[in-house]
Amino acid sequence: SQSGCSLFPHSHYWIASKRIVTPQGIISGAVEIKGGSIVSIVKNKDWSGKFKQVVDYGNAVVMPGLIDVHAHLDDPGRAEWEGFPSGTKAAAAGGITTLIDMPLNNFPSTVSTETLKLKIEAAEKSIYVDVGFWGGLVPENAFNATALEALLDAGVHGLKSFMCPSGINDFPMTDARHIKAGLSVLAKYKRPLLVHSEIQSVVESHLETEDGGGDPRSYSTYLKTRPPSWEEAAVRELLTVTKDTRSGGPAEGAHLHVVHLSDASSSLDLIKEAKRRGDSITVETCPHYLAFSAEEIPDGDTRFKCAPPIRDAANKEKLWNALMEGDIDMLSSDHSPTVPELKLLNDGNFLKAWGGISSIQFVLPVTWSYGQKYGITLEQLVSWWSERPAKLAGQHSKGAIAIGNHADVVVWEPEVEFDLNEDHPMFVKNPSISAYIGKRLSGKVLATFVRGNLVYKEGNHAFAACGSTILAT
Ligand SMILES: NC(=O)NC(NC(N)=O)C(=O)[O-]
Ligand SMILES: [Zn+2]
Ligand SMILES: [Zn+2]
């Protein structure tokens, strides 16, 4: 390790624990790390006392670092909303070792080789974890295969598009024709298309432009403006093109990933059906849809505003069931912060406030804490937060504690509870806008290693930002 990159600057050492989560099960033993990679994994009886550089974490859990495939770090252009330094410090403090940054909310949006270059320049030397990039699929480039290929050649891991207005002027929405064209290019690269799946219906959008038909400080007013039928309409439309991804189809090799599913009813049923038919499709949901329900969102508390919206408690139960059944494939943060002024916290107007939940540092304890009721296991956490996200983002050397993989590791204590208040070290730029502040959670991150560098330890970060930008090849 270069000096300053690690709080434990050794290039050859062992991480020991009684609970190491591996693809072969949970073992008691040690993980040998050399030159930033995992070189061996040994069971307790085989190693005790033999090695010199051992960090023994006792009963704390050692598992692969989380991979967040959906984060908006807003850099360059809107770094006051988050930015690479604070966003990746928060990620490291939350046990996330890799994140894939979304192509919008930064300015300019990442939709070309030139704008990707700006992203990479902004990220270099200012990231504490590994960071990759999604590129934007927008009307301007969708029918221009040369431009899309250039963007994919330049290293984006796949593309992202919106089927409704994104709220960002230089990131317009796409329709099924654009998506079909994008998929045919992605097929050659075997990379995915991620889609924000809501289609604004004329009648209901009318409500939003008016006053929502009710008190704008009441969450139910906002909820009515984005009904589940918006998600259902989008998924239905998407499925007209995902059949191209089937084996032997014109876009075989491409993959469609539905981001931040909130509707656990018709939209999910359609996705399940498409999977059964052999379409290459996956779906994620986010901790805020699993933690909160519409009924409990206080009037005027716009920290909870996001799109698609958090729905009722019955829907939340269905989301958990779908996750436990394997119908929802993975989790992501959809960390989408802004400055407190745009959340309109004083005004409390749900119709006008910025939509997006600030969460990146908290997703591990949130998933764990709210999942207790459903009996979630450490292996499921790893599957939802590491293994499957790694696969989606084409990160074959990440996502598992396995020999040959990058030494990307989170060490945490599932049983330790804490209050998310001013006493808890927080690294997101604008913590006041996070819906999780004030909650009591279980699951404290002790240490985070990225490629063998101890980048975070009990409230402290490594002196230097030595995360890598990861480009698809
Ligand atoms: N422009 C945004 O970042 N929007 C985000 N906002 C949310 N989720 O409320 C998103 O992912 O759609
Ligand atoms: Zn979205
Ligand atoms: Zn998002």
Side-chain angles (χ1 to χ4, degrees), residues 68-75 77-83 87 91 99-111 119 133-138 158-174 179 192-200 208 219 222-223 225-226 230-231 234-235 238 256-263 267 283-292 294 297 301-311 330-339 342-344 350-360 363 389 392-393 428 430 433-435:
D68 186 2
V69 294
H70 190 156
H72 301 263
L73 295 195
D74 315 326
D75 204 353
R78 289 194 187 86
E80 71 280 12
W81 289 19
E82 184 60 273
L99 64 88
I100 314 292
D101 189 40
M102 279 295 167
L104 72 159
N105 300 3
N106 46 287
F107 184 81
S109 290
T110 315
V111 295
K119 260 276 173 214
F133 311 98
W134 302 117
L137 178 77
V138 289
L159 301 174
K160 156 78 177 287
S161 84
F162 270 71
M163 297 184 86
C164 63
S166 73
I168 295 290
N169 290 336
D170 70 338
F171 204 96
M173 65 191 221
T174 49
I179 286 168
L193 175 66
L194 286 74
V195 183
H196 179 123
S197 309
E198 283 184 297
I199 289 180
Q200 204 167 14
E208 191 173 20
Y219 183 73
Y222 171 61
L223 186 56
T225 67
R226 294 184 97 110
W230 282 32
E231 287 187 74
V235 171
L238 281 172
L256 196 124
H257 180 72
V258 173
V259 299
H260 55 41
L261 182 83
S262 175
D263 170 32
S267 307
V283 57
E284 76 189 21
T285 190
C286 310
H288 39 276
Y289 301 117
L290 298 167
F292 305 131
I297 298 177
D301 199 344
T302 54
R303 298 176 306 162
F304 292 88
K305 179 180 177 180
C306 60
I310 293 162
R311 305 193 190 283
M330 67 190 86
L331 298 174
S332 76
S333 72
D334 191 13
H335 177 64
S336 185
T338 184
V339 286
L342 292 183
K343 270 294 192 188
L344 307 178
F350 276 107
L351 302 179
K352 297 209 173 109
W354 171 258
I357 302 275
S358 171
S359 64
I360 199 162
V363 292
L392 180 75
V428 279
N430 297 299
I433 66 164
S434 179

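When reading the values below, keep in mind they use all heavy atoms of this one structure, side chains included, and skip hydrogens, waters and symmetry mates. Just follow the structure's listing: the first ligand is 1, and inside any ligand the first atom is 1.
Closest of all the heavy-atom pairs between L137 and L193 is CD2-CD1, 3.9 Å. What you find for I168 and S109 is that their closest heavy atoms are CG2-OG, 4.0 Å. Nearest heavy atoms, K305 versus K343: O-NZ, 3.2 Å.
Of all atoms in ligand 1, numbered sequentially from 1 with element shown, those under 4.0 Å from a heavy atom of S166 are 1 (N). Near A307, meaning under 4.0 Å from any of its heavy atoms, are these atoms of ligand 1: 7 (C), 8 (N), 9 (O), 12 (O). Which parts of ligand 1 touch F162 is read off a 4.0 Å heavy-atom cut-off, strictly below it: atoms 12 (O). Each of the following atoms of ligand 1 lies closer than 4.0 Å to a heavy atom of D334: 7 (C), 8 (N), 10 (C), 11 (O).
The proximity of L104 to ligand 1, defined as any non-hydrogen pair under 4.0 Å, is limited to the side chain. Counting heavy atoms closer than 4.0 Å to ligand 1, residue H70 contributes side-chain atoms (C-beta onward) but none from N, CA, C or O. Under 4.0 angstrom from ligand 1, the non-hydrogen atoms of C306 come from both its backbone and its side chain. The residue F171 has no part lying near ligand 1, judged by heavy-atom distances below 4.0 Å. At a heavy-atom cutoff of 4.0 Å, ligand 1 is contacted by the side chain of W354 but not by its backbone. The proximity of H260 to ligand 1, defined as any non-hydrogen pair under 4.0 Å, is limited to the side chain.
Centred on the Zn ion (ligand 3), the angle running from H70 (NE2) to D334 (OD1) is recorded as 90°, rounding to 10°.
For H72 and D334, the side-chain atoms include at least one donor-acceptor pair closer than 3.5 Å.
For atom 6 (N) of ligand 1, the closest non-hydrogen atom of the protein is G355 O, 3.2 Å. The protein heavy-atom contact nearest to atom 5 (C) of ligand 1 is S336 OG, 3.8 Å.
Note that OG1 of T110 is 11.0 Å distant from NZ of K160, once rounded to the nearest 0.5 Å. Here D75 contributes atom CG and N105 contributes atom CG; the two are 12.0 Å apart, rounded to the nearest 0.5 Å.
Residue-level check: among N/O/S atoms of H196, ND1 sits closest to the Zn ion (ligand 2).
By the 30° and 60° cut-offs, the orientation of the rings of F162 relative to H196 is parallel. Taking the six-membered ring for Trp and thresholds of 30 and 60 degrees, F350 and Y222 have nearly parallel ring planes, at less than 30 degrees apart.
Where the criterion is an N or O separation shorter than 3.5 Å, residue side chain and backbone included, N105 meets it with respect to ligand 1.
Metal site remark for the Zn ion (ligand 2): H260 contributes an N, O or S atom at a distance under 2.8 Å.
Figure legend: R226 and W230 shown without cation-pi pairing, the cationic atom not lying both under 6.0 angstrom from the six-membered ring centre and within 45 degrees of its axis.
Heavy atoms of G356 come nearer than 4.0 angstrom to ligand 1 in at least one pair.
Side-chain contact between H335 and L99: absent, with no pair of heavy atoms (C-beta onward) separated by less than 4.5 Å.
Residues F304 and Y219 place their aromatic rings such that the two centres sit no closer than 6.0 Å.
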